[in-house]
S.K.: 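Next up is a structure, given as structure tokens.
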Amino acid sequence: MDYDFKKIEKKWQEYWAANHTFQVTEDESRPKYYVLDMFPYPSGAGLHVGHPLGYIASDIYSRYKRLCGFNVLHPMGYDAFGLPAEQYAIQTGQHPAVTTAKNIARYREQLDRIGFSFDWSREVRTCDPAYYKWTQWAFLKMFGSYYDNDRQSARPISELVEAFEKNGTEGVNAACSEELSFTAGQWKAMSEKEKSDALMNWRIAYQGVTSVNWCPKLGTVLANDEVKEGYSVRGGYPVEQKKMTQWQLRVSAYAGRLLDDLEDLEWTDSLKDMQRNWIGRSQGAEIVFKALNGDQEYDITIFTTRADTVFGVTFMVLAPESDWVEKLTAPEQKAAVEEYLAMAKKKTERERIAETRKVTGVFTGSYAVNPLTGDKVPVWISEYVLAGYGTGAIMAVPAHDSRDYAFARTFDLPIIPLIEGCDVSESSFDAKDGIMCNSGFLNGMTVKEAIPAAIEYVEKNGLGHRKINYRLRDAIFSRQRYWGEPFPVYFKDGIATPMPEDKLPLQLPEVDKYLPTESGEPPLGRAADWTYEGWPIEKSTMPGFAGSSAYYLRYMDPHNDEALVSEKADRYWRNVDLYVGGTEHATGHLIYSRFWNKFLYDLGYVCEKEPFRKLINQGMIQGRSNFVYRIINTNTFVSCGLKDQYETTEIHVDVNIVHNDRLDIDAFRKWMPDYADADFILENGEYICGYAIEKMSKSMFNVVNPDMICDTYGADTLRLYEMFLGPVEQSKPWDTKGIDGVNRFLKRFWRLFYDRDGFIVTDGKATPAELKTLHKLIAKEKADIEAFSYNTTVSAFMIAVNELYEQKCNKREILEPLVILLSPFAPHICEELWEALGHRESIAFASFPEYNEAYTVEDTCTYAVSFNGKTRFTVDLSKSMDKDAVEAEVRADSRTAKYVGTASIVKVIVVPGKIVNIVIK
RNA sequence: GCGGAUGUGGCGAAAUGGUAGACGCGCCACUUUGAGGGGGUGGUGGGAGUUUUCCUGUGCGAGUUCGAGUCUCGCCAUCCGCACCA
């Protein structure tokens with residue numbers, strides 16, 4: 001009987017669906033384990049072989065954990081709101097919900113063929129009103145909260161209002177957009193509208209004017225992580241800076257906690273570093289400089305990490321967008337400043353990046369007073385100072401900052417070195433190293449001593465205060481698009497008012513077109529009656545990351561209409577134990593999701609402060625393109641090895657009609673009408689194609705569809721092969737070379753159970769050699785799976801099966817545990833064999849075999865011995881020898897050898913595979 | 001510029017500090033079958049001897065160690081992330 005994977009895979013996929021094999025419920029009697037994949041955006045192109053890599057890895061882990069007795073939550077869903085469906089809708093007029101549903105159906109079909117153990121009863125779709133009800137709910141909670149810096153926690157905004165009524169802003173320490181101060185009396189005197197505007201300064205979800213990334217082509221704003229080098233990540237359109245009123249999330253309030261809590265996560269160092277970088281903590285001080293414009297005095301606050309260099313300040317610089325620019329521009333410089341500002345404004349973000357390091361600037365005509373020296377220094381304006389970081393103004397220390405140095409050189413400003421013996425004739429001395437000089441009371445200190453000393457001095461004398469600055473900005477939360485979650489907010493007399501919770505979800509209205517209105521409003525402006533109790537409803541929608549920020553919580557309790565997640569379900573499933581997905585979400589989703597979770601944690605809705613305990617980043621699968629070589633002006637194609645003898649053009653050929661770089665000539669003739677009567681110059685009777693590693697894309701004809709592999713080799717082969725290709729975390733090209741080897745292994749595995757006449761498993765007693773093979777494999781698989789080293793596990797299976805095959809082992813005692821071991825990797829074939837072995841229940845309910853060391857230890861060990869690593873001989877030692885004693889002796893002797901220096905060194909190899917040293921005199 | 005990762009055969013890749021190249025692909029030889037993108041056996045880093053073997057070998061250069069692909073330092077190369085962040 002042959003291994004008929006088509007029949008087997010269809011049979012078991014239907015069985016799992018019909019029997020709800022992978023459906024789970026909270027079961028207090030078993031420990032939980034939560035394995036999550038980053039849910040996909042269902043694009044129109046369907047899955048290619050790269051997509052399932054992470055899903056297969058996590059599926060193997062889920063199935064393994066289940067065999068080990070865990071109650072495993074392993075759900076899947078769709079991140080279904082997003083730009084592509086909307087762009088498609090604009091072009092075709094088809095409702096995004098329709099195309100999205102179609103794409104989801106296609107995804108599901110493809111996923112089902114690979115045999116995943118998802119609990120589909122928990123599927124979520126972010127565009128489903130029953131789902132986005134809870135996205136909107138979370139937004140309302142954020143709108144109704146502020147961040148208390150003293151308690152380091154989100155609190156209801158009502159508490160803040162109470163405080164204002166009692167003492168105004170006095171004693172309030174809360175995260176805000178700008179420092180405001182008013183008394184209780186002033187607060188009470190405010191109109192409702194004024195109060196509402198004031199509270200926006202503290203709300204966690206708030207509306208405010210900010211400089212945004214505006215993409216004219218897409219007609220919407222984008223978050224920082226949605227923009228790369230001045231172009232939109234989705235679509236690649238140019239992006240410009242624009243000041244607009246937008247909904248924002250006060251993510252910056254959580255910067256400290258987002259940074260600190262990284263410590264306890266089992267994420268890779270590189271990913272943690274990316275987040276640290278993005279959060280960008282820097283410790284320093286804010287120092288106030290008095291500046292004079294004519295008779296008017298202004299305070300300029302600057303941020304610095306190098307308070308020790310204040311004595312070297314020779315000028316100050318403002319960002320062009322800074323509010324101080326207008327105040328400090330002297331009448332005689334007005335024309336020059338305006339010209340400079342106009343020039344700076346005209347430049348796009350893109351141009352600024354391109355012109356990095358080109359020094360530009362203009363003098364304001366004003367001077368500021370150095371608070372430590374009393375010296376007057378000029379105030380300049382330059383693009384190299386960013387409005388969005390720190391205070392938008394800096395003190396310039398050209399001797400010890402390379403940017404200030406370049407500026408000083410360009411505009412011929414003085415440079416005062418502050419460190420003994422440093423050379424600033426060619427470049428600045430940026431290192432925080434050396435002894436201070438020219439620095440008053442700091443003279444003689446090292447830089448490391450001077451920094452805290454300077455800050456202390458500044459604080460004592462009321463010139464400023466210590467400060468920690470973060471690069472992380474608040475997230476811009478509105479998008480001028482149709483296909484997203486509507487904001488449950490309406491404007492009553494112009495005051496942003498939350499809708500009552502029991503009116504959620506606020507469903508997306510129907511519109512005639514998906515384009516902005518003629519007056520430039522977002523598409524929701526087209527909705528016929530987009531009002532609540534007669535008041536207009538917010539017209540922008542939420543960004544993509546809104547729906548994906550808390551989906552892992554919703555899986556815990558997906559059908560709950562009363563809460564995002566019930567307390568019971570949350571207490572049981574807690575958080576994700578293993579999260580698998582791509583690195584591309586390092587600074588987007590993975591930051592927002594952590595923020596969202598912490599916010600819900602502060603309000604007591606979830607019990608864990610971090611959403612994802614362990615995270616694995618699967619590598620990208622690149623495409624492997626194939627080429628044919630056409631001789632110029634002919635329809636004759638020459639094989640790769642002979643192409644240099646002709647003048648040829650290289651043409652991409654569909655990799656699906658090429659096998660191991662050999663072209664299927666008949667298929668090629670049928671592939672495109674132009675090639676129907678193509679001629680070929682062959683080598684050794686075959687047409688060999690060239691190849692290159694490129695991105696997997698339609699235009700290069702190198703997209704390999706998993707359905708194709710499932711048709712030719714079966715899902716189990718696909719799963720094993722994707723794991724066998726190399727470490728999960730590594731990027732690698734897809735190359736079908738070698739898939740035959742894995743397929744051969746499965747056939748051979750099958751032949752342990754069946755020969756051409758039928759089932760051959762017997763109840764005979766296993767030999768020590770057979771038991772050894774089995775138990776070696778158990779030990780290996782346990783260790784490897786825990787370490788996500790799946791490629792070596794697959795190798796171990798191949799070795800084991802080869803050994804058993806050689807021993808002609810067809811004994812139940814060995815084969816039954818073997819099937820369980822392989823089942824996480826190749827579930828279909830294992831279910832089939834499990835059934836053939838007489839089991840009625842799915843193999844998913846089996847238990848992982850126990851490892852017994854006794855079977856793997858040898859009676860006698862052969863030791864290979866070499867003198868000084870040269871001449872070798874072998875010694876046999878009995879296993880009864882006390883290994884620990886041997887090792888202790890070995891170590892002692894090694895020390896002797898080291899001190900005496902004359903002993904010969906002997907290598908001893910201990911089977912299996914262990915090597916220790918001993919010394920023979 | 002800053003940060004992270006990686007570097008081993010023709011290829012994908014293995015190696016708790018202990019026989020480097022497991023396993024697979026490809027290739028070579030033999031074998032089985034009427035035939036196969038079939039089954040099996042043996043070989044396969046390089047260089048000598050060709051049965052017993054020896055030399056050399058993990059990007060380059062040092063170091064620690066009885067012993068380094070593995071640990072430390074310095075280069076070189078590739079990939080990824082951030083980038084005027086004061």
Side-chain angles (χ1 to χ4, degrees), chain A residues 2 229 268-278 280-282 284 302-306 309 317 352-353 355-359 382-386 388-397 400-404 406-407 430 469-472 583-584 586-587 617 619-620 659-662 664 712 720-721 724-727 729-733 735-745 747-748 751 783 789 791-799 802 805-806 864 866 868-870 872 890-891 893-898 901 903-910 913-919:
Chain A
D2 282 340
E229 289 171 4
T268 59
D269 288 342
S270 67
L271 197 73
K272 283 187 187 180
D273 258 5
M274 268 190 231
Q275 291 219 337
R276 286 192 193 107
N277 232 308
W278 192 258
R281 178 192 150 105
S282 49
I302 58 93
F303 175 75
T304 181
T305 54
R306 293 291 303 271
T309 61
V317 189
R352 277 211 193 183
I353 290 165
E355 291 172 20
T356 293
R357 313 242 170 242
K358 196 168 140 190
V359 180
S382 176
E383 285 182 298
Y384 86 87
V385 175
L386 305 176
Y389 184 77
T391 61
I394 61 153
M395 63 176 207
V397 186
H400 301 290
D401 182 287
S402 54
R403 294 152 302 178
D404 298 344
F407 196 82
D430 292 9
N469 231 331
Y470 293 98
R471 202 183 76 105
L472 185 71
T583 350
E584 65 271 22
T587 51
N617 290 120
M620 291 244 282
H659 304 282
N660 291 343
D661 288 339
R662 282 157 184 79
D664 180 337
T712 347
L720 275 169
Y721 185 58
F724 185 64
L725 220 46
E729 295 96 326
Q730 215 164 84
S731 284
K732 57 229 153 192
D735 186 352
T736 334
K737 254 191 341 201
I739 197 166
D740 292 316
V742 171
N743 192 238
R744 229 167 263 161
F745 156 73
K747 286 187 199 158
R748 184 177 277 211
R751 287 205 304 274
S789 179
N791 54 334
T792 53
T793 322
V794 178
S795 294
F797 274 118
M798 291 180 172
I799 295 167
N802 280 343
Y805 200 75
E806 235 164 75
S866 64
N868 292 331
K870 302 232 173 178
R872 287 186 201 144
V890 166
R891 288 202 198 96
D893 283 358
S894 303
R895 265 201 301 279
T896 315
K898 187 177 171 188
S904 298
I905 308 308
V906 181
K907 270 190 182 176
V908 179
I909 303 165
V910 182
K914 279 197 176 175
I915 298 175
V916 292
N917 285 310
I918 62 168
V919 177

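Order of the sequence lines fixes the chain letters, A, B, ..., with proteins taken first and strands second; residue numbering starts at 1 for each chain.
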S.K.: What is the distance, rounded to the nearest whole Å, between atom CZ of A:Arg281 and atom P of B:G3?
M.R.: 18 Å
S.K.: Please state the P separation for the pair B:A48 and B:C71 - nearest whole angstrom.
M.R.: 35 Å
S.K.: Evaluate the criterion side chain to side chain contact (heavy atoms under 4.5 Å, CB included) for residue pair A:Val742 and A:Met798; output intermediate values, then yes/no.
M.R.: CA-CA 9 Å; A:Val742 171; A:Met798 291 180 172; 3.9 Å; yes
S.K.: State which of B:G39, B:G37, B:A86 makes the closest approach to the side chain of A:Ile394.
M.R.: B:A86
S.K.: Taking atom C1' in both B:G12 and B:A29, what distance in whole Å separates the two?
M.R.: 25 Å
S.K.: In whole Å, measure the gap between the C1' atoms of B:G59 and B:C55 for me.
M.R.: 23 Å
S.K.: For B:A14, take OP1 and OP2 only and decide whether either is under 4.0 Å from a side-chain N or O of A:Asn791.
M.R.: yes
S.K.: Partner lookup for B:G24, please. Criteria are Watson-Crick or G-U wobble with both distances under 3.5 angstrom; report none if nothing qualifies.
M.R.: B:C11
S.K.: So what does A:Asn469 touch, heavy atoms closer than 4.0 Å: a base, only the sugar-phosphate, or nothing?
M.R.: nothing
S.K.: Could you pull out the protein-nucleic contacts involving nucleotides 5-12 of chain B (nitrogen or oxygen on both sides, under 3.5 Å)?
M.R.:
unit_1	atom_1	unit_2	atom_2	d
B:G12	O2'	A:Leu725	O	2.5

S.K.: Identify whether the distance between the nearest side-chain nitrogen and carboxylate oxygen of A:Arg276 and A:Asp273 falls below 4.0 Å.
M.R.: yes
S.K.: Considering just the side-chain nitrogens and oxygens of A:Arg276, establish if one lies under 4.0 Å of OP1 or OP2 belonging to B:G4.
M.R.: no
S.K.: When rounded to the nearest 0.5 angstrom, what distance separates CZ in A:Phe724 from OG1 in A:Thr792?
M.R.: 10.5 Å
S.K.: Syn or anti for B:G9? Use the chi torsion, O4'-C1'-N9-C4 for purines and O4'-C1'-N1-C2 for pyrimidines, with syn inside 90° of 0.
M.R.: syn
S.K.: Considering only atom C1', compute the distance from B:G21 to B:A15 and round it to an integer number of Å.
M.R.: 9 Å
S.K.: Quantified in whole Å, what is the P atom distance between nucleotide B:U78 and nucleotide B:C66?
M.R.: 38 Å
S.K.: Before you tell me yes or no, could you show the steps for A:Arg748 and A:Asn802 under side chain to side chain contact (heavy atoms under 4.5 Å, CB included), namely the whole-Å CA-CA distance, both residues' side-chain angles and the distance that decides it to 0.1 Å?
M.R.: CA-CA 8 Å; A:Arg748 184 177 277 211; A:Asn802 280 343; 2.3 Å; yes
S.K.: Between B:A22, B:G81, B:A86, which nucleotide gets closest to the side-chain atoms of A:Ile799?
M.R.: B:A22
S.K.: Say we look at B:G57 and B:U51: how far apart would their C1' atoms be, to the nearest angstrom?
M.R.: 26 Å
S.K.: Determine which nucleotide pairs with B:A29, using a 3.5 Å limit on both distances of a Watson-Crick or G-U wobble pair.
M.R.: B:U41
S.K.: For A:Tyr805 and B:G40, give me the distance from atom OH to atom C1', rounded to whole Å.
M.R.: 8 Å
S.K.: Rounded to whole angstrom, note down the P distance from B:U6 over to B:G45.
M.R.: 27 Å
S.K.: Atom CD of A:Glu806 and atom C1' of B:G39: how far apart are they, to the nearest Å?
M.R.: 15 Å
S.K.: Is a donor from one side chain sitting under 3.5 angstrom from an acceptor on the other, for A:Arg471 and A:Asn277?
M.R.: no
S.K.: Mind checking who B:A68 pairs with, Watson-Crick or G-U wobble, both distances under 3.5 Å?
M.R.: none
S.K.: Over how many whole Å does the gap from A:Met620 atom CE to B:C80 atom P extend?
M.R.: 9 Å
S.K.: To the nearest 0.5 Å, tell me how far A:Met274 CE sits from A:Thr268 OG1.
M.R.: 7.0 Å
S.K.: What nucleotide among B:G39, B:C23, B:G4 has an atom nearest to a side-chain atom of A:Met798?
M.R.: B:C23
S.K.: Nearest-Å distance, NZ (A:Lys747) to C1' (B:G24)?
M.R.: 15 Å
S.K.: For the OG1 atom of A:Thr587 and the CD atom of A:Gln275, what is their distance to the nearest 0.5 Å?
M.R.: 8.0 Å
S.K.: As a test of reading the structure: which of B:G24, B:C25, B:A86 is closest to the side chain of A:Tyr389, going by heavy atoms?
M.R.: B:A86
S.K.: Between B:U19 and B:G38, how far is it from one P atom to the other, in whole Å?
M.R.: 36 Å
S.K.: Separation of A:Asn277 atom CG from B:C82 atom P, in whole Å?
M.R.: 9 Å
S.K.: Taking only N and O in the side chain of A:Ser282, is any of them less than 4.0 Å away from OP1 or OP2 of B:A86?
M.R.: yes
S.K.: Let me know, please, whether A:Asp401 or A:Leu271 comes out on the 5' side of the other along RNA chain B by nearest nucleotide.
M.R.: A:Leu271
S.K.: For A:Lys747 and A:Asp2, indicate whether the former's side chain and the latter's backbone hold a donor-acceptor pair under 3.5 Å.
M.R.: no
S.K.: Quick one: on RNA chain B, does A:Arg748 or A:Gly390 contact a more 5' nucleotide (nearest heavy atom)?
M.R.: A:Arg748
S.K.: Do A:Arg306 and A:Val397 have side chains that get closer than 4.5 Å, going by heavy atoms?
M.R.: no
S.K.: Does B:G3 have a Watson-Crick or wobble partner in any strand here, with both distances under 3.5 angstrom, and which is it?
M.R.: B:C80
S.K.: Measure from the side chain of A:Pro727, starting at C-beta and using heavy atoms only, and say which of B:G39, B:G81, B:A14 lies closest.
M.R.: B:A14
S.K.: Rounding to an integer number of Å, can you tell me how far A:Arg471 CZ sits from B:C2 C1'?
M.R.: 12 Å
S.K.: Measure CG/A:Asp740 against P/B:C27 and give the value in whole Å, please.
M.R.: 11 Å
S.K.: Would you please classify the geometry between the A:Phe407 ring and the A:Tyr384 ring as parallel, tilted or perpendicular, with 30° and 60° separating the classes?
M.R.: tilted
